[in-house]
Amino acid sequence: MAYYRRAGEVPRTRHTRHPNPDGGLYYEELMGEEGFSSDSSLLYHRNIPSAIVDARVWEVPDQTRTSNAPLAPRHLKLHGLFGDAWKNTDTVTGRRLVLGNDDVRISYVAAGAPSALYRNSIGDECVYVESGRATVQTVFGELRAAQGDYIVIPRGTTHRWLPEGDEPLRAYAIEANSHIAPPKRYLSRYGQFLEHAPYCERDLRGPEEPLLLDGTDVDVLIKHRGNGPGGIAGTRYTYPQHPFDVVGWDGCLYPYAFNVADFQPITGRVHQPPPVHQVFEGHNFVVCNFVPRKVDYHPESIPVPYYHSNVDSDEVMFYCGGDYEARKGSGIGQGSVSLHPGGHSHGPQPGAYERSVGVQAFDELAVMVDTFRPLDLGEGGAAAEDPSYAWTWAGRGPRG
């Protein structure tokens with residue numbers, strides 16, 4: 001992250017002795033990005049963080065992908081993927097791959113069971129909480145997660161998800177092969193949010209204090225680069241002591257939460273393009289959110305999007321609240337995902353263009369991922385598809 005935080009006890013000067021109460025030393029670990037050339041934090045462990053007593057293969061959830069062929073816009077109904085099975089499903093191993101390419105993978109889960117300890121050593125994760133509540137325990141401390149929260153977890157962070165309450169935790173997981181951060185144009189050259197940014201440091205919630213747990217022979221699931229589908233493999237490490245043993249840390253790299261309700265929408269006299277809705281970016285993809293807002297105030301404006309052929313991108317929209325004006329009449333609702341691939345000109349459903357004239361506000365909530373390489377369907381996406389969606393603009397099926 002772009003600014004400094006500190007939790008617990010750390011020595012006055014980095015890389016110096018940090019005595020523990022038993023007369024020994026705490027063990028300093030640097031967690032950093034881009035080979036000591038980017039953001040990092042220093043964590044102080046009670047135990048040696050490199051110590052493991054076992055390593056076994058972990059079979060990661062199905063990562064197979066199939067091409068979007070023939071090229072078509074698609075509608076995926078994610079709420080039908082789990083049924084009552086959510087009660088025994090966890091937020092890590094229960095994820096079902098919806099869409100993916102070699103830069104980013106989008107999965108969905110409805111969970112009620114606690115997850116194992118887990119870390120993604122391929123890239124950062126940005127998990128959007130559609131509904132439900134959870135505690136996310138991490139090696140840095142705890143985060144509370146609730147509806148509308150993005151939980152951004154840096155690569156290599158050991159953590160676990162603990163759902164709470166009687167309803168499923170519904171989570172939309174964006175897993176990068178890179179880092180995920182606020183757009184560079186929102187930040188000063190030193191990393192502070194600028195005045196034109198739609199959110200700022202006050203809106204970000206990081207761990208407030210260390211989380212210390214005891215235990216022996218503790219398993220951690222690790223997703224890492226390998227020769228499996230999509231270049232992904234899994235390993236189960238066993239640690240002699242619990243890895244949540246950090247007595248203090250400081251730095252600019254840590255997990256944090258940001259709630260979509262704190263995003264300040266940017267509007268104009270006429271329809272604004274998707275970059276004004278951007279919230280995060282990764283390598284070869286961006287994340288945007290469309291929030292309830294006043295819309296265009298030119299007297300002749302058409303508030304819904306114009307038809308567009310974004311030739312360099314695939315566009316994925318996850319509909320997670322309100323009523324999305326441009327998609328009325330298409331069958332899209334809460335929990336839907338639309339995929340509009342590069343090469344297909346897309347825009348509002350029939351009638352939406354005309355109906356929007358004179359509308360002053362939109363009550364809609366959606367998370368969009370635009371990728372700069374084509375997306376494939378994962379097994380979850382294929383299982384959730386509504387096969388009639390591609391023909392909704394024409395009003396009839398193939399050669400009908």
Side-chain angles (χ1 to χ4, degrees), residues 61 76-98 106-120 125-153 157-175 203-215 218-221 242 244 254-263 279 287 289 291-292 318-323 333-337 363-367 380 383-384:
L76 316 175
K77 297 182 176 182
L78 303 187
H79 280 189
L81 286 176
F82 290 91
D84 289 336
W86 67 267
K87 297 177 183 178
N88 299 310
T89 299
D90 74 79
T91 315
V92 172
T93 65
R95 296 178 189 180
R96 298 183 67 176
L97 183 64
V98 176
I106 300 172
S107 301
Y108 186 77
V109 66
S115 77
L117 291 169
Y118 161 73
R119 69 171 172 263
N120 187 332
E125 294 191 356
C126 175
V127 181
Y128 179 81
V129 178
E130 179 192 1
S131 62
R133 295 179 290 109
T135 296
V136 185
Q137 293 184 331
T138 86
V139 70
F140 292 87
E142 288 187 340
L143 293 171
R144 304 289 295 172
Q147 184 174 7
D149 278 335
Y150 290 99
I151 307 296
V152 180
I153 302 174
T157 300
T158 302
H159 66 284
R160 66 180 173 190
W161 290 79
L162 305 177
E164 300 171 356
D166 298 326
E167 298 299 322
L169 175 71
R170 294 187 175 274
Y172 186 73
I174 302 165
E175 300 180 26
D203 302 316
L204 307 182
R205 312 190 316 270
E208 297 291 339
E209 58 187 22
L211 173 64
L212 296 170
L213 297 180
D214 294 317
V218 178
D219 288 343
V220 177
L221 304 179
H242 204 294
F244 290 168
Y254 45 82
Y256 62 91
F258 168 68
N259 193 277
V260 71
D262 293 322
F263 187 87
V279 59
V287 181
N289 42 218
V291 302
F318 174 52
Y319 304 88
C320 44
D323 191 2
Q334 182 88 10
S336 287
V337 162
D363 180 20
E364 61 191 23
L365 186 60
V367 174

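Note that the coordinates shown come from a computational prediction; the quantities given were computed from them, not determined experimentally. Heads up: numbering here begins at 1 and tracks the sequence.
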task = Show your working on salt bridge (charged side-chain N to carboxylate O under 4.0 Å, His left out) between Arg144 and Glu164 and close with a plain yes or no.
result = CA-CA 10 Å; Arg144 304 289 295 172; Glu164 300 171 356; 2.8 Å; yes

remark   = Arg133 and Gly165 have their tightest heavy-atom pair at NH2-CA, 3.8 Å

ask   = Is the backbone of Gln147 close enough, under 3.5 Å, to the side chain of Asn259 for a donor and an acceptor to pair up by distance?
value = yes

request  = Quick one: pull up CZ in Arg160 and CD in Glu142 and give me the separation to the nearest 0.5 Å.
outcome  = 9.0 Å

message = Could you tell me if the side chain of Phe318 sits less than 4.5 Å from the side chain of Val98, heavy atoms only?
response = no

inquiry  = Are Leu211 and Thr138 packed together at the side-chain level, in the sense that at least one heavy-atom pair is separated by less than 4.5 angstrom?
reply    = no

request  = Check the pair Leu213, Gln137 against side chain to side chain contact (heavy atoms under 4.5 Å, CB included), reporting the backbone distance first and the verdict last.
outcome  = CA-CA 10 Å; Leu213 297 180; Gln137 293 184 331; 4.1 Å; yes

inquiry  = Angle between ring planes, His242 versus Phe244, binned at 30° and 60°: parallel, tilted or perpendicular?
reply    = tilted

request  = Identify the two heavy atoms, one from Pro163 and one from Ala134, that lie closest to each other, and give their separation to 0.1 Å.
outcome  = CA-CB, 3.9 Å

query = Is the backbone N or O of Val92 less than 3.5 Å from a side-chain atom of Asp90, with the two atoms forming a donor-acceptor pair by type?
reply = yes

message = Using side-chain heavy atoms (C-beta onward) and a distance below 4.5 Å, is Ser107 in contact with Glu175?
response = yes

task = Kindly compute the distance separating CD1 (Ile174) from CD1 (Ile106), expressed to the nearest 0.5 Å.
result = 6.0 Å

request  = Say whether, by atom type as modelled, one donor and one acceptor occur between the side chain of Ser115 and the main chain of Trp161 under 3.5 angstrom.
outcome  = yes

remark   = Between Cys320 and Ala366 the two heavy atoms that sit nearest each other are SG-CA, 3.9 Å

query = Considering all heavy atoms of both residues, which atom of Pro207 and which atom of Gly141 are nearest to each other, and what is their separation?
reply = CB-CA, 3.9 Å

With Ser131 via side-chain contact (heavy atoms from CB on, under 4.5 Å) - residues at least two apart = Arg170

key: Qualifying residues under side-chain hydrogen bond (donor to acceptor under 3.5 Å, both in side chains), relative to Tyr128, sequence neighbours excluded   = none

task = Flag the pair Leu143 / His159 as yes when at least one side-chain heavy-atom distance between them is below 4.5 Å, and no otherwise.
result = no

task = Could you list the residues that satisfy side-chain contact (heavy atoms from CB on, under 4.5 Å) with Thr89, not counting sequence neighbours?
result = Phe82, Ala85, Val109

Asp262 side chain reached by Arg205 side chain, heavy atoms, under 4.5 Å = no

inquiry  = If I compare all heavy atoms of Gly132 with all of Leu169, which pair ends up nearest, and what's the gap?
reply    = C-CD1, 4.0 Å

ask   = Going by heavy atoms in the side chains, are Val152 and Phe258 under 4.5 Å from each other?
value = no

remark   = Between the CG atom in Asp219 and the OH atom in Tyr118, the distance rounded to the nearest 0.5 Å is 16.0 Å

query = Under 4.5 Å between any side-chain heavy atoms of Tyr108 and Leu76, yes or no?
reply = no

task = Kindly determine whether Val291 and Val260 satisfy side chain to side chain contact (heavy atoms under 4.5 Å, CB included), including the steps that lead there.
result = CA-CA 8 Å; Val291 302; Val260 71; 3.7 Å; yes

key: Within-4.5 Å side-chain heavy-atom neighbours: Leu221 and Thr93   = yes

request  = Give me the one residue out of Val127, Val129, Val279 that meets side-chain contact (heavy atoms from CB on, under 4.5 Å) with Tyr150.
outcome  = Val279

inquiry  = With a 3.5 Å distance limit and no angle check, can you tell me whether Arg96 reaches the backbone of Leu81 through a side-chain donor-acceptor pair?
reply    = yes

request  = With Gln334 as reference, evaluate Glu130, Lys77, His79 under the side-chain hydrogen bond (donor to acceptor under 3.5 Å, both in side chains) test and give the passing residue.
outcome  = Glu130

